[in-house]
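Read the structure below first, then the notes.
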Amino acid sequence: MTTISRRTLMLAATAIGALAVAGVAIAEVPKLAQKDTYKVGFAQTESNNPWRIAQTNSMKAEAEKLGYQLVYTDAAGSAAKQVADVNSMIAQGVDVIFLAPREEKPLIPAVMAAKKAGIPVILLDRSVDPSLAKAGEDYLTFIGSNFVEEGKRVAEWLAKNANGKSKIIELEGTTGSSPANDRKKGFDEAIQAAGGFEIVASQTGDFARDKGRQVAEALLQAHPDADIIYAHNDEMAIGAIAALEAAGKVPGKDVLVLSIDGGKEAVQLVVDGKIAAVVECNPRFGPKAFETMQRYAKGEAIEPNLVNEDKFYDASNAAAELANAY
Ligand code: GYE
């Protein structure tokens with residue numbers, strides 16, 4: 001074993017200090033002290049759907065259970081506002097920031113500002129561009145679903161159950177968000193590999209019900225022979241069902257609709273036969289988020305990626321699962 005002299009250690013410490021003063025990034029997530037209670041920030045991206053509301057409720061319930069103070073912000077669908085929200089949390093001196101970054105690139109400055117201020121960041125449900133910020137260096141970890149896998153599971157269901165239907169309209173989530181990027185990647189690659197399918201159009205509906213309806217309406221007019229709609233979330237699928245019915249088509253019969261999220265309304269639509277299958281995206285983050293923060297404060301090494309388990313609903317189990325859906 002090599003012994004390091006006190007002088008060497010002091011020199012190293014001084015050098016690190018000088019780097020920090022010079023503004024050179026240090027490859028380490030800020031530490032978190034062990035305390036009885038914490039002031040914790042949660043920067044939500046928007047609240048326009050049941051998934052977001054379930055996630056917020058889960059975070060609030062867990063903070064309350066633990067007796068932690070929660071500074072909650074809602075960016076109302078604006079990445080610029082979300083950056084400002086994080087800056088305000090930094091100014092308020094929170095101990096930790098839970099961030100659900102709306103888009104992969106625009107939230108990088110927020111992650112870096114928190115790091116510079118000595119506040120550890122835990123990313124929830126969406127991630128940031130991995131070439132610009134890294135788990136275990138710039139932020140502690142990402143907690144969420146495997147979105148590539150979610151898209152792949154939709155494609156695999158179709159490969160087995162499409163029954164000759166083959167022309168796909170894809171409704172993408174928010175442009176530049178990690179779930180939209182990865183749900184597209186996972187689906188497109190797997191559907192290509194399955195063979196016999198064609199994605200006739202793929203366009204963003206911004207994860208929103210009304211935008212999904214409008215985009216589906218336009219795409220159905222341009223591609224009247226489309227017989228499958230794959231939506232990156234329930235909200236857009238529900239919008240697409242409205243567009244189909246307005247066009248005189250029967251969802252579930254003329255056109256198969258598939259989505260991701262698995263909220264109660266969507267699972268009910270599976271029971272009703274209007275949605276063919278849904279991959280769940282689990283929104284119940286509270287327990288895992290706060291437990292991860294406590295493990296970090298204790299000095300445990302945290303994995304860079306903590307993956308949530310997702311269920312799958314189709315006609316075979318939707319009725320039985322309905323009561324458990326959020
Ligand atoms: O699918 C969607 C929400 O980031 C995983 O964002 C989340 C997605 C979810 O608005 O409904």
Side-chain angles (χ1 to χ4, degrees), residues 42-59 73-79 81-82 98-107 122-130 139 141-154 170-187 204-213 215-216 229-241 257-267 269 275 277-286 288-289 305-313 325-326:
F42 173 40
Q44 179 58 285
T45 168
E46 54 207 356
S47 298
N48 61 346
N49 72 43
W51 193 96
R52 291 278 148 209
I53 291 163
Q55 185 192 35
T56 298
N57 288 345
S58 173
M59 291 296 288
T73 56
D74 176 357
S78 157
K81 178 172 185 304
Q82 200 172 27
F98 291 110
L99 170 64
R102 181 167 154 89
E103 290 137 60
E104 284 195 325
K105 285 192 174 73
L107 269 300
I122 295 177
L123 296 183
L124 293 189
D125 92 73
R126 293 189 188 178
S127 198
V128 291
D129 186 324
Y139 60 92
T141 182
F142 165 77
I143 306 176
S145 292
N146 181 336
F147 301 128
V148 173
E149 191 61 29
E150 289 176 343
K152 193 173 161 210
R153 289 173 82 183
V154 174
E170 180 168 355
L171 298 175
E172 301 170 21
T174 298
T175 304
S177 72
S178 64
N181 291 341
D182 292 351
R183 286 172 183 170
K184 179 164 183 62
K185 184 174 190 282
F187 178 82
T204 183
D206 204 19
F207 280 134
R209 187 178 296 209
D210 202 50
K211 188 81 193 291
R213 185 188 57 75
V215 173
I229 295 181
Y230 161 48
H232 288 189
N233 80 345
D234 289 352
E235 287 297 294
M236 296 188 295
I238 294 166
I241 288 170
V257 179
L258 297 100
S259 77
I260 298 173
D261 268 0
K264 222 181 213 50
E265 194 177 349
V267 179
L269 286 164
I275 293 184
V278 184
V279 177
E280 186 200 35
C281 182
N282 189 344
R284 299 174 176 109
F285 281 74
K288 204 192 253 181
N305 195 343
L306 294 163
V307 184
N308 288 343
E309 292 292 320
D310 299 324
K311 297 185 191 178
F312 190 95
Y313 307 110
Y326 62 88

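Both ligands and their constituent atoms are indexed starting at 1 by order of listing.
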Please find the pair of heavy atoms, one from S178 and one from F147, that lie closest to each other, and give the distance.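 Taking S178 first and F147 second, the nearest heavy atoms are OG-CE1, 3.8 Å.
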
Contact check, side chains of M236 and D261, non-hydrogen atoms, under 4.5 Å: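 Answer no - side chains too far apart.
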
Mind checking salt bridge (charged side-chain N to carboxylate O under 4.0 Å, His left out) for K184 and listing every partner two or more places apart, or none if nothing turns up?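 So K184 forms a salt bridge (charged side-chain N to carboxylate O under 4.0 Å, His left out) with E170, E172, D188.
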
Value rounded to 0.5 Å, distance of NE2 in H232 from CZ in F207: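 Nearest 0.5 Å value for the NE2-CZ distance: 7.5 Å.
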
So W51 and F285, would you call those rings parallel, tilted or perpendicular, with 30° and 60° as cut-offs?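 Ring orientation, 0 to 90° scale: perpendicular.
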
Salt bridge (Lys or Arg N to Asp or Glu O under 4.0 Å) for R102 and D206? Distances and angles first, verdict last. CA-CA 11 Å; R102 181 167 154 89; D206 204 19; 3.4 Å; yes

Sub-4.0 Å heavy-atom environment of ligand 1, residues by chain: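 Contacting ligand 1 under 4.0 Å are N49, W51, R52, D125, R126, F147, P179, R183, N233, D261, C281.
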
